[in-house]
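Notes for the one structure printed next.
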Amino acid sequence: MKNKQVQIFDTTLRDGEQVPGCRLDPEEKLELALELEALGVDIIEAGFPVSSPGDFQAVQLIAREVRRPVICALSRAVEADIEAAGMAIRQARRGRIHTGIGTSDFHIRHKLKDTREGVLARAVAAVKFARRFTDDVEFYAEDAGRTDNEYLAEIIHAVIRAGATVVNIPDTTGYCLPEQYGEKIKFLSDRVSNIDRAIISTHCHNDLGLATANSIAGVCNGAGQVECTINGIGERAGNASLEEVVMILKQHSHMPFHTNIRTNMLNRVSRLVSGKMRMPVQANKAIVGANAFAHSSGIHQDGVIKHKETYEIISPADVGADDSSIILTARSGRSALRYRAEKLGFSVSDDELEKGYARFIELADAKQVVDDDDIMKLFVTHAAR
Ligand code: KIV
Ligand code: ZN
């Protein structure tokens, strides 16, 4: 039974928008935020208000206009940042401040030039200060993926006591393996005595291609919220991809999790984000890539023509994609050629198919893809002889 709801925290407009070339103005951000609301995300991280007046305005505008999801603003563990975040979300129906600090020894020593005790005190102070603006405060332990688990448990306990309602465990550098990340979440669930007063969140980066797998490992070990982006865009190699996380939870019926996402909007929102943020989607991207439902080898085409589920585990309509397609290339077989010819209205006998196929293979060796015009010529010419 899929009775546990996983909250989807979309950070396309913050972590995604940090990517060079992806910057949006407030109106563009609002347009995408309304789409994310329609898609069904639970929380929209709308931006980092202290970073620029434009981003402050964008968060303020989204907080005013987008009413169903929680609207979240990012800050460092610095009073000026937290205050800007608090002001920007003031008109939200439900507003959240996301504040935090680096907790790995790399961050503490080299970036913050502080001590573990000093960072813990700064984390607690930041959460207490954020609570002056809203009851919904999320704390992030930056580089939690490489943070010592005992220290991480100590800091998470302290920020929950200070008023954090969500605790984010980012694998900021995308370093963890799924089992390590899952164990980290389990360790916190088991060891932090006040963990029942907060939701654990995942925030996984994709430097080793494991962001989605790590997020799922987090959910399986006690996380109740996943931070992710449309098309997996984000800092460096990106974040966990929303569409992948959501479809994994949906397709694996033995998992007890569900989300509020209207999956039949995934392809539409993917295209909108890609267009507005000038970030093309790779053709082989899971769920939303141009080839996600395209079959091109003869063996696969023969199977799909006989029964779709031989090579398709998701129905294209479930994710708002065009129907699956049979692409004719030099690796295609006779059954694919007959299928496409019949779709164009030809009724092809075995003999016609054999002759057409020989001509087709010659053409396919010379071209990347044989299209409808080519098929028409193949069979019309052939029939006229
Ligand atoms: O990757 C990260 O650690 C972040 C935090 C600011 C949440 O994006
Ligand atoms: Zn991040």
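One-based numbering, in listed order, for ligands and for the atoms of each. Hydrogens, waters and symmetry mates are skipped; everything else that's a heavy atom, side chains included, is used.
- Of the heavy atoms in H203, only side-chain atoms (C-beta onward) come closer than 4.0 Å to ligand 1.
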Start with the C-alpha distance between H98 and F9, add both sets of side-chain angles, then the distance that settles ring pair (Phe, Tyr, Trp, His ring centres under 6.0 Å), and finish with yes or no. CA-CA 12 Å; H98 189 191; F9 176 116; 5.7 Å; yes
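- T212 and S241 share no side-chain donor-acceptor pair at under 3.5 Å.
- Side-chain N/O atoms of T12 and D10 include a donor and acceptor closer than 3.5 Å.
- Between R14 and ligand 1, a contact under 3.5 Å exists for at least one N or O pair.
- No side-chain donor-acceptor contact under 3.5 Å links N239 and T229.
- When heavy-atom distances to ligand 1 are checked against a 4.0 Å cut-off, N168 comes that close only through its side chain, counted from C-beta outward.
- When heavy-atom distances to ligand 1 are checked against a 4.0 Å cut-off, D15 comes that close only through its side chain, counted from C-beta outward.
- Heavy atoms of E235 found under 4.0 angstrom from ligand 1: none, in either backbone or side chain.
- Side-chain contact check for R338 versus D350: some heavy-atom pair is nearer than 4.5 Å.
- Residue contacts with ligand 1, taken as heavy atom pairs separated by less than 4.0 Å, do not involve E45 at all.
- Distances below 4.0 Å separate heavy atoms of T172 from the following atoms of ligand 1: 1 (O), 2 (C), 3 (O).
- Taking the N/O/S atoms of D15 in turn, the shortest distance to the Zn ion (ligand 2) belongs to OD2.
- Under a 4.0 Å criterion applied to the non-hydrogen atoms of E142, ligand 1 contributes the atoms 3 (O).
- For the residue pair S215 and V226, the shortest heavy atom distance occurs at CB-CG1, 4.1 Å.
- Residue H205 approaches ligand 1 through these ligand atoms, each under 4.0 Å from one of its heavy atoms: 1 (O).
- When the shell of 6.0 Å around NZ of K367 is examined, it contains more than 12 heavy atoms from other residues, nucleotides or ligands.
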